[in-house]
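Only a predicted model underlies this, so the values are computations on that prediction, with no experimental measurement involved. Every chain is numbered from 1, with letters handed out A, B, ... down the list of sequences.
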Amino acid sequence: MIREKLEPIALILEREVLAASGSMWGWGIFAGKLLIDGLLFHTFAMTDTPRFGAEVLADFFYILFGTTILLGVLLTMRLFPEERSQKSMALLMGAPIASWQIILGKYLSALTILATITAASVYLPLLVLLHGRISWSQVGVGYLGVTLVGMATCAIGTWMSSIARTQLQAALLTSGVMVALLLGWLISSLSAPPLDAFFAATSFYDAHFKGFMYGRIHTSAVAYYMGLTALPLWFASLQMQLERRA
Amino acid sequence: MGLVGRNGAGKSTLLSILAGLRTPSAGELLLDGHPVTHEPQRLRARVGLLAEPPALHDEMPVARFISWCAGLRGIARSRREAMTREAMRRCDIEDVAGKLVGELSHGYRKRVGIAQAIVHEPDLLLLDEPISGLDPSQILAMRALVRTLGERALVIVSSHILAEIAQTCDHVLMLEDGKLVLDKPWNTHGQELGELEREDTVTLEVVLETSDSEDARGILASLDMLMGTEQLSQRAGTARFITRVSREDHHQVARALVERGANLLTLREVDREAGELEELFVRFARQSDGPEEKGKGEEE
């Protein structure tokens, strides 16, 4: 029974990953992300002044935080608008599968590609080993944080992609939501109580990611990112359901 | 089953509803007598759709794409390969099994579109404009394929090419403004137009130059050899008719018309079934336009 439910999700995931790995676009994104990560790491994290390995790693995960969000936006903007422009959406919409299976298949495909590209950046913290020591738990926790950020970004991107008619629209919508979440701290500082506490708590970076950079796991932060993953996916499923039953 | 109607009549909407892609705003959708309006999954599992343009994934090899579609429609992995092979055999695309879908010609793309629609052996197959964009040899092959598909499933062909419907369907549905205005078996339809043995008659299209359609109708009515004459249009100083004549008399029609003073512009034998369907189509379209619209058309 469970296998039957998972099979269409796996099929959608498989097709998306194969399509990306067989395209110039997919490899371009892959190479571009590694290049930007490398350049930023060497410019901002690997400075000439002596520093603790933990500080360098914190800077590395700060860079990875930003590039992961950007990658999430780029990977998810194609999910549905591309199908619509190629008129292949009927294959999914007309299949005897639930809307959540379509959404989950698409979402997991973006997340798989994002995780693969992110994992390829692991050579950068290893470079720190050439000059000093690193804490493996900090590396592990940092990557956990980046994965959670990727999960939430891809979920928001999947939702926006299910709404948008074009890839540009999807990218702009996802970017808009991400900027709003990132600016939570700024809005918080401009707001009066009790709204300031609310906006501070929704802040995508300040309130939740900083701990991961230094190897600290806060369950509230994990719950925040998980919530920010589940909620948009649920909205996306509802959106898909509405579209299929319009 | 042929589905015809003017642009905007509701053909595509009906196909979307039948394919489980939309919900009817009113009414009930029945499948084998059971309501499925609110059970779209049941409906989708038993329907195959060839959309226009066909929904395909260009980056996938043909066999893999069809197998992927089978998987999406719930076909178990163990049966998928055999069913994919069978669908490709029926659509005669085995020779391109390893090619990328994006590399195929238009005709092959249509066939791949049909193969994905039948791979799960649906009870209802919906074909939207199956011959659009095909060359004459591909059209013949597609007609043969559609007839073959009709042996195993109910096939609904939506097309604005009436000759296509006439040649591949044995039942016609005509939509006008979202309403069904004609629903009848095609092989009995000829009885409406004349009580003739169809094998012995020829259908003719007659176009006369005249500003007075009454006058033109009078000339045609005076020819005893013509049977079941219907006027199709009157515009820009010409009147267009469709009529029947016995096969042995049809060479006399031109001379008889000229002798009665008609300015004959066109006289041609038309595909009988397509001509009848076209005539019906025009008649229903004219009725639904109403007298105001009709008047406007005549002025034009």
A.B. asks: Please flag which part of A:Q101 lies under 4.5 Å from any non-hydrogen atom of chain B: side chain, backbone, both or neither.
C.D. replies: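 A:Q101 has no heavy atom closer than 4.5 Å to chain B.
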A.B. asks: To the closest 0.5 Å, what do you measure between NZ (A:K87) and CG (B:L56)?
C.D. replies: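 The NZ atom of A:K87 sits 13.5 Å away from the CG atom of B:L56.
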A.B. asks: Any side-chain heavy atom of B:Q116 sitting closer than 4.5 Å to one from A:L91?
C.D. replies: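 Of all side-chain heavy-atom pairs linking A:L91 with B:Q116, at least one is under 4.5 Å.
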A.B. asks: Using a cut-off of under 4.5 Å for heavy-atom pairs, which of A:M89, A:E4, A:M93 has the most such pairs with chain B?
C.D. replies: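 Sorted descending by pairs with chain B, the first entry is A:M93.
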A.B. asks: Under the side-chain hydrogen bond (donor to acceptor under 3.5 Å, both in side chains) test, which residues partner A:R15, sequence neighbours left out?
C.D. replies: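 With neighbours one apart ignored, the set is B:H57, B:E59.
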A.B. asks: So which residue, A:A95, A:P96, A:A19, ends up with the most heavy-atom pairs under 4.5 Å with chain B?
C.D. replies: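 The candidate making the most pairs under 4.5 Å is A:P96.
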A.B. asks: Is it true that, when you exclude B:R79 itself, more than 12 heavy atoms of the residues, nucleotides or ligands shown sit nearer than 6.0 Å to its CZ?
C.D. replies: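 Counting neighbours around CZ of B:R79, 12 or fewer heavy atoms of other residues, nucleotides or ligands fall under 6.0 Å, so no.
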A.B. asks: Anything in residues 61-78 of chain B with a heavy-atom distance to chain A below 4.5 Å? Please list those residues in order.
C.D. replies: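 Contacts with chain A: B:R64, B:F65, B:W68, B:C69, B:G71, B:L72, B:R73, B:R77.
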A.B. asks: What residues form a side-chain hydrogen bond (donor to acceptor under 3.5 Å, both in side chains) with A:T166, not counting sequence neighbours?
C.D. replies: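 Expected list: none.
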A.B. asks: Answer with side chain, backbone, both or neither: which region of A:A10 has an atom nearer than 4.5 Å to a non-hydrogen atom of chain B?
C.D. replies: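 Neither; nothing under 4.5 Å.
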A.B. asks: Kindly check if the number of other-residue, nucleotide or ligand heavy atoms within 6.0 Å of OH (A:Y62) is above 12?
C.D. replies: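 Result for OH/A:Y62: open.
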A.B. asks: With chain A as the partner, which of B:P40, B:G20, B:A51 has the greatest number of non-hydrogen pairs under 4.5 Å?
C.D. replies: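 Option with the top pair count is B:P40.
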A.B. asks: Is it the case that over 12 heavy atoms from other parts of the model lie below 6.0 angstrom from the CH2 atom of A:W25?
C.D. replies: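 Counting neighbours around CH2 of A:W25, more than 12 heavy atoms of other residues, nucleotides or ligands fall under 6.0 Å, so yes.
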A.B. asks: With a cut-off of 6.0 Å (strictly less than), are more than 12 heavy atoms of other residues, nucleotides or ligands near CZ of A:F198?
C.D. replies: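 Not more than 12 within 6.0 Å, no.
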A.B. asks: Heavy-atom pairs under 4.5 Å with chain A - which of B:H120, B:R46, B:R80 has more of them than the others?
C.D. replies: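 Highest number of heavy-atom pairs under 4.5 Å: B:R80.
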A.B. asks: Measuring heavy-atom distances to chain B, does A:L18 have an atom under 4.5 Å in its side chain, in its backbone, in both, or in neither?
C.D. replies: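 For A:L18, side-chain heavy atoms alone lie under 4.5 Å from chain B.
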A.B. asks: Within residues 89-105 of chain B, which positions have a heavy-atom distance to chain A below 4.5 Å?
C.D. replies: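 Counting heavy atoms that sit under 4.5 Å from chain A, no residue of residues 89-105 of chain B is involved.
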